[in-house]
2 protein chains.
Amino acid sequence: MKMSKESEYGLMGLVQLAKQPAHAVMQLRDVAAAASLLEPFLAKTFRKLTVHGLLRSHRGRERGYSLARAPHDISIREVCEAIEGVDLFQRCIFWSNACSDAEPCPLHGMWRHVRPQLVTLMERLTIEDLAKHGTSLSRDNVASLVSQAAADAAAANSSSPAFTRKGAIHVR
Amino acid sequence: MKMSKESEYGLMGLVQLAKQPAHAVMQLRDVAAAASLLEPFLAKTFRKLTVHGLLRSHRGRERGYSLARAPHDISIREVCEAIEGVDLFQRCIFWSNACSDAEPCPLHGMWRHVRPQLVTLMERLTIEDLAKHGTSLSRDNVASLVSQAAADAAAANSSSPAFTRKGAIHVR
DNA sequence: TGAGCATTGGACTAAAAAGGTCCAATGGCT
DNA sequence: AGCCATTGGACCTTTTTAGTCCAATGCTCA
Ligand code: SF4
Ligand code: SF4
């Protein structure tokens, strides 16, 4: 894991299309202008998304790009995987090695339990969610998704406090 | 966020020291050998940790490194920040820009709620935890930490299912 | 049929980050 | 005074990410 600027471009471009009427076709330059993105860079990104079947491209008279599927059916996980490679979520946030239970790094034990929740979250969040709620998803929405994910990932969790430190954290 | 190999070196080195009797002094080469790490690279890492007050260095007769504080008092957040810079946890996992509520990327709304939980987790996990439980932290331990963090981060969370997709996820 | 035009595809350069190495200086200790 | 591991920094290589460019393609309309 560890997403690049290209993923951001992909998401922003798709969100832009999702805000149009359904099945709308938009030219690259218009998408780039509307989302204030660099056109040449967005071009590269949109090509990847087309190849992976998330966008449809059109030539001739009514030219441009359109969504290949409904916004609520495109998860941000798909988008990021299309752009950065399918193994994106197989890799670790902490170190980029492909992980194995056999040769673990020191955080593997912890991460084994956290990653599935993140992946689930990315799977359930869709382009439509981003387009609708903009950049300000409500706390409740996220919270419900997170807790769903947590519930899925750990069906039974008791509380055994084998840990030591209760530091105060500052978070921006 | 987005940790490097150097963080892994730092953690593994500290864990190695934490496994020794308290206040033990170990030479760099021995630490490297015991944890199968490259000595020159570990040297670079240990210097940073010394500067940031996590390690103490000794010269002369009884030379080497020792932990500056008790293992249960060194969070992995501290370690990673010492090595990668204090703004590590201010940055986004998704894009490396420093984040602002004013100029957000499309995932900011979601991430705003997830990040604090991760940071809390990293703050509460200590070198002692890693040394004791090795690479196989039990599910229960992690689960309790995660749920604590979640509870802290979102005191009140109702469930408003404004989301659309319930895809099946594959996780390794 | 052919001119127009945006997508296509890939190569290509540039910049930045990560990973890794080396060596002279330092300073307690014996 | 001499030993020797830490110190501190410079330096290089590799990898990844970012960004640019151009010729080819193929649909539509005149
Ligand atoms: S061993 Fe575990 S924590 Fe380490 S890089 Fe692999 S998946 Fe991540
Ligand atoms: S705006 Fe939010 S999601 Fe985007 S990079 Fe900054 S913190 Fe991360």
Side-chain angles (χ1 to χ4, degrees), chain A residues 1-10 12-13 17 25-33 36-68 80 83-85 87-88 91-98 105, chain B residues 1-10 12-13 17 25-33 36-68 80 83-85 87-88 91-98 105:
Chain A
M1 211 153 147
K2 175 188 83 170
M3 308 205 185
S4 65
K5 191 170 182 179
E6 215 179 341
S7 291
E8 185 173 4
Y9 263 66
M12 290 178 102
L17 279 169
V25 175
M26 245 182 130
Q27 289 188 200
L28 186 62
R29 67 173 54 158
D30 297 328
V31 178
S36 3
L37 303 174
L38 298 171
E39 188 181 329
F41 199 50
L42 185 63
K44 191 159 120 178
T45 309
F46 265 28
R47 235 179 293 132
K48 287 191 188 175
L49 294 178
T50 307
V51 168
H52 285 82
L54 296 177
L55 282 179
R56 223 190 304 270
S57 67
H58 311 269
R59 299 190 189 217
R61 176 72 181 79
E62 184 153 350
R63 54 193 172 274
Y65 291 92
S66 65
L67 294 179
C80 296
I83 292 173
E84 315 211 12
D87 60 338
L88 173 64
R91 289 147 149 261
C92 187
I93 271 191
F94 297 98
W95 298 284
S96 49
N97 340 341
C105 75
Chain B
M1 211 154 146
K2 176 187 82 170
M3 308 203 184
S4 65
K5 191 170 182 179
E6 215 178 341
S7 292
E8 184 174 4
Y9 263 66
M12 290 179 102
L17 280 169
V25 175
M26 244 183 130
Q27 289 187 202
L28 186 61
R29 65 172 56 157
D30 297 328
V31 178
S36 5
L37 303 173
L38 296 172
E39 188 181 329
F41 198 50
L42 184 63
K44 192 159 121 181
T45 309
F46 265 27
R47 235 179 294 131
K48 287 190 187 174
L49 294 178
T50 307
V51 168
H52 286 81
L54 297 177
L55 282 178
R56 224 189 303 270
S57 68
H58 310 271
R59 299 190 190 219
R61 177 73 180 78
E62 184 152 353
R63 54 192 172 277
Y65 291 94
S66 65
L67 293 178
C80 295
I83 291 173
E84 314 212 14
D87 59 339
L88 175 63
R91 290 147 148 261
C92 189
I93 271 191
F94 297 98
W95 296 284
S96 49
N97 341 339
C105 73

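Reminder, nothing fancy here: chain letters follow the sequence lines and each chain counts from 1. The figures here come from the full heavy-atom set of this structure, side chains too, leaving out hydrogens, waters and symmetry mates.
In this structure, the salt bridge (charged side-chain N to carboxylate O under 4.0 Å, His left out) partners of A/K48, at least two apart in sequence or on a different chain, are A/E6. For A/R29, the side chain to side chain contact (heavy atoms under 4.5 Å, CB included) criterion is met by A/Q27, A/E39, not counting sequence neighbours. For the side chain to side chain contact (heavy atoms under 4.5 Å, CB included) test, residues two or more places apart in sequence or in another chain that qualify with A/H58 are A/V25, A/R56, A/S66.
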> In the 5'-to-3' direction, what one-character label does each nucleotide of nucleotides 20-30 of chain D receive under the scheme B = base within less than 4.0 Å of a protein heavy atom, S = sugar-phosphate only, - = no such atom?
Replying inline: B----BSBSS-

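Under the 3.5 Å distance criterion, the side-chain polar atoms of A/R47 are left unmatched by any main-chain donor or acceptor of A/T45.
The nearest whole Å value for the distance from the CD atom in B/E6 to the P atom in C/dA17 is 15 Å. Rounded to an integer number of Å, the gap from CD of A/E39 to C1' of D/dA18 is 17 Å. Atom NZ in A/K48 sits roughly 11 Å away from atom C1' in D/dA18 (whole-Å rounding). The distance between atom NE2 of A/H52 and atom P of C/dG9, rounded to the nearest whole Å, is 13 Å. B/L55 places its CG atom 15 Å from the C1' atom of D/dA5, with the value rounded to the nearest Å. Atom P of nucleotide C/dA18 and atom CD1 of B/I83 are separated by 13 Å, given to the nearest angstrom. Between B/E8 atom CD and C/dG20 atom P there is a gap of 11 Å when expressed in whole angstrom units. Distance A/L42 CG to C/dT7 C1': 12 Å, rounded to the nearest Å.
Across every non-hydrogen atom of B/C80 and B/M3, the tightest pair is SG-SD, 3.4 Å. Between B/L37 and B/Y9, the closest heavy-atom pair is CB-CE2, 3.4 Å.
Expressed to the nearest 0.5 Å, how far CG of B/L54 lies from CG of B/L67 amounts to 9.0 Å. The CD1 atom of B/I83 sits 11.0 Å away from the NZ atom of B/K44 when rounded to the nearest 0.5 Å. Interatomic distance, CZ of B/F46 versus CG of B/L28, reported as 6.5 Å (0.5 Å rounding).
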Could you go over nucleotides 14-16 of chain D and give all protein N or O partners under 3.5 Å, atom names and distances?
none

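Using a 4.0 Å heavy-atom distance criterion, A/Y65 is classed as a sugar-phosphate-only contact.
A/S4 has a side-chain polar atom (N or O) that falls below the 4.0 Å cut-off from OP1 or OP2 of D/dA18.
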